[in-house]
Amino acid sequence: MPDLGSLWRDSATETFSAPPVSGDLSCDLLVIGGGFTGCTAALKAAGQGADVVLLEFDTIGHGGSGRNVGLVNAGLWLPPDTVCDTLGTEAGERLNTVLASAPDLVFDLISQHDIACEPCRAGTLHLAHAPRGLAQLKARHAQLIRRNAPVTVLDPTETAARTGTSGFHGALHDARAGTVQPLAYVRGLARAAQSLGARLFEHSPATAITRQDDHWIIRSNDATLRTKALLVATNAYHRPVSHMTLPHVPKVNYFQLATAPLGNNISRDILPGGEGCWDTGLIMSSLRRDAAGRVILGGMGDDTGVQAGWARRKLAQLFPQLADAEITHQWAGQISMTSDHLPRILRIGPDALSIFGYSGRGIAPGTAFGQAAAHALLTGDDSHLPLDPVDAHIERLPGLKTAFYETGARLVHAVSARR
Ligand SMILES: Cc1cc2nc3c(=O)[nH]c(=O)nc-3n(C[C@H](O)[C@H](O)[C@H](O)COP(=O)(O)OP(=O)(O)OC[C@H]3O[C@@H](n4cnc5c(N)ncnc54)[C@H](O)[C@@H]3O)c2cc1C
């Protein structure tokens with residue numbers, strides 16, 4: 001498969017660059033990882049007047065934050081009742097409540113810092129891929145209505161009018177949600193943090209973490225950094241660091257392809273309202289448009305020929321007018337997927353946290369968790385964290401689960417490509 005590259009890298013108007021770290025530094029809070037979690041934490045800390053340093057292994061947005069679909073969802077992949085069943089009612093509702101308003105946080109930060117990331121608050125459509133998918137959506141709707149969420153079930157006819165295809169059996173519209181250009185959003189967060197005094201460094205892998213005299217000592221390039229508080233926000237893209245082991249969490253590949261910008265005569269019926277979409281399939285797919293009028297289709301799996309072949313056929317099946325559309329971009333990323341699909345805040349030592357496992361829902365959750373973690377680490381007050389920190393997290397057979405997801409995606413896509 002030719003490497004067509006990431007659309008988000010080509011279309012981002014937000015730019016950001018920072019030098020590699022060098023010399024000896026000290027700070028109040030050191031953040032490792034320049035994704036949504038790390039950049040929001042740096043922004044929050046700098047906004048509170050703290051001295052914050054962020055180290056990024058590659059460039060800002062190198063991980064999941066620069067590769068994702070851009071759906072700013074209000075909640076997790078799990079329905080809210082399941083969150084409560086797993087965490088208990090009090091903890092579950094605390095998390096549900098934070099995540100329900102997390103899109104507000106994202107869109108407020110975008111407007112406050114003038115982030116040029118194609119924000120669109122038209123909501124999302126959760127599409128029923130099969131009749132049983134519509135039954136699941138109705139159950140999710142009932143749970144969300146009990147929590148006063150602005151959600152509506154659409155019948156197949158309304159769904160066809162909103163999407164431009166009769167390929168779905170109904171949908172759940174969530175008016176709290178929306179879409180962004182994800183790489184531009186994370187770069188904008190980094191720029192805003194920098195403008196408030198945060199010191200950000202790219203091409204600066206944290207390679208060793210040790211503890212000395214009530215402080216954390218971090219090595220990166222030829223630099224030694226000393227900090228009171230530490231946030232490790234490396235998630236699915238974690239690069240090994242000496243003297244610190246993080247849990248292995250299963251990873252799911254997810255790939256996307258994008259058409260060239262489409263003329264209005266071809267595309268006026270496709271998502272005319274601008275909603276971002278995901279479906280109820282276990283091997284999930286996504287669909288959206290961008291500001292230039294491209295159609296972007298995604299699915300679980302890596303960017304090999306099988307998935308790309310499936311995606312082309314799926315696009316033509318949903319929208320026959322796109323059968324010959326030029327595909328200009330194709331890229332993939334890795335999602336850190338915990339077994340219960342819930343994120344974790346892991347206490348890795350005194351004044352030190354690691355956050356991971358958003359399980360495919362990291363834009364709004366990463367923004368909310370990053371802010372809350374910065375506050376907790378700088379004040380010592382954990383009470384505003386969306387989840388209680390845990391002291392350990394163990395996943396059984398993460399390698400096998402990763403292989404299971406990948407094989408499942410290939411099988412589903414290979415079979416559906418032959419239909
Ligand atoms: C293809 C795809 C589609 C997705 N779609 C959506 C979606 O539509 N909506 C949604 O809400 N979520 C989505 N997600 C999930 C979301 O993108 C992630 O949950 C989110 O980006 C995680 O952000 P993060 O800041 O925790 O980690 P990341 O963005 O992965 O950032 C971690 C960073 O840490 C850096 N790093 C690693 N090790 C080191 C080290 N030792 N030293 C220094 N830096 C290091 C990495 O280079 C990386 O930049 C998707 C994910 C993928 C991959």
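Start at 1 and go down the list; that is how both ligands and their atoms are numbered.
Residue-ligand proximity, Gly35 to ligand 1, at heavy-atom distances under 4.0 Å covers atoms 25 (O), 29 (O), 31 (O). For ligand 1, the atoms lying closer than 4.0 Å to a non-hydrogen atom of Ala206 are 40 (C), 41 (N), 42 (N), 43 (C). Taking every non-hydrogen atom of Leu55 and a distance limit under 4.0 Å, the qualifying atoms of ligand 1 come out as 43 (C), 44 (N). Applying the 4.0 Å criterion to heavy atoms of Tyr254 picks out, from ligand 1, the atoms 1 (C). Close contacts of ligand 1 with Val69, meaning ligand atoms under 4.0 Å from a residue heavy atom, involve 3 (C), 4 (C), 5 (N), 6 (C), 8 (O). Atoms of ligand 1 lying under 4.0 Å from any heavy atom of Val241, numbered from 1 in the order shown and given with element: 41 (N). Which parts of ligand 1 touch Leu71 is read off a 4.0 Å heavy-atom cut-off, strictly below it: atoms 7 (C), 8 (O), 9 (N), 10 (C), 11 (O). Within ligand 1, counting atoms from 1 as listed, the ones closer than 4.0 Å to a heavy atom of Arg67 are 1 (C).
Under a 4.0 Å heavy-atom criterion, Gly70 is in contact with ligand 1. Within the 4.0 Å heavy-atom cutoff, Gly360 counts among the residues contacting ligand 1.
Nearest-heavy-atom check against atom 32 (C) of ligand 1 across Gly33, Gly63, Ala233, Gly38 picks out Ala233. Nearest-heavy-atom check against atom 11 (O) of ligand 1 across Thr59, Ile363, Thr179 picks out Ile363. Across Thr37, Thr234, Ile209, Asn253, heavy-atom proximity to atom 24 (P) of ligand 1 is greatest for Thr37.
Residue contacts with ligand 1: Phe36 is placed with a nitrogen or oxygen under 3.5 Å of a nitrogen or oxygen of the ligand (distance criterion only). Backbone and side-chain nitrogen or oxygen atoms of Asp58 are examined, and none is located within less than 3.5 angstrom of a nitrogen or oxygen of ligand 1. The distance criterion of under 3.5 Å between nitrogen or oxygen atoms is met by Asn235 with respect to ligand 1. The shortest N or O to N or O distance between Ala236 and ligand 1 is not under 3.5 Å. Polar contact check, Gly362 against ligand 1: a nitrogen or oxygen pair lies under 3.5 Å apart. Of the N or O atoms in Gln334, none lie within a sub-3.5 Å distance of an N or O in ligand 1. Between Glu56 and ligand 1, an N or O atom pair is found at a separation short of 3.5 Å.
Under a 3.5 Å cut-off, the side chain of Arg94 and the backbone N or O of Leu385 do form a donor-acceptor pair. Checked by atom type and distance alone, the side chain of Ser354 pairs as donor or acceptor with a backbone atom of Val232 at under 3.5 Å.
Remark: Arg191 fails to qualify as a cation-pi partner of Phe16 under the 6.0 Å distance and 45° angle criteria applied to the six-membered ring.
Here the CE-CG distance, from Met300 to Asn253, works out to 10.5 Å after rounding to the nearest 0.5 Å.
Nearest non-hydrogen protein atom to atom 43 (C) of ligand 1 is Phe57 N, 3.2 Å.
Side chains of His375 and Gln48: a donor-acceptor N/O pair is present below 3.5 angstrom, by distance only. For the residue pair Ser336 and Tyr237, no side-chain donor N or O sits within less than 3.5 Å of a side-chain acceptor on the partner.
Between Trp278 and His126, the two ring planes are parallel [angle under 30°; tilted spans 30° to 60°].
Considering Asp51, Asp351, Asp28, Asp213 in turn, Asp351 is the only one that fulfils the salt bridge (Lys or Arg N to Asp or Glu O under 4.0 Å) rule with Lys228.
Counting heavy atoms under 4.0 Å from ligand 1, residue Ile32 touches it through the side chain alone.
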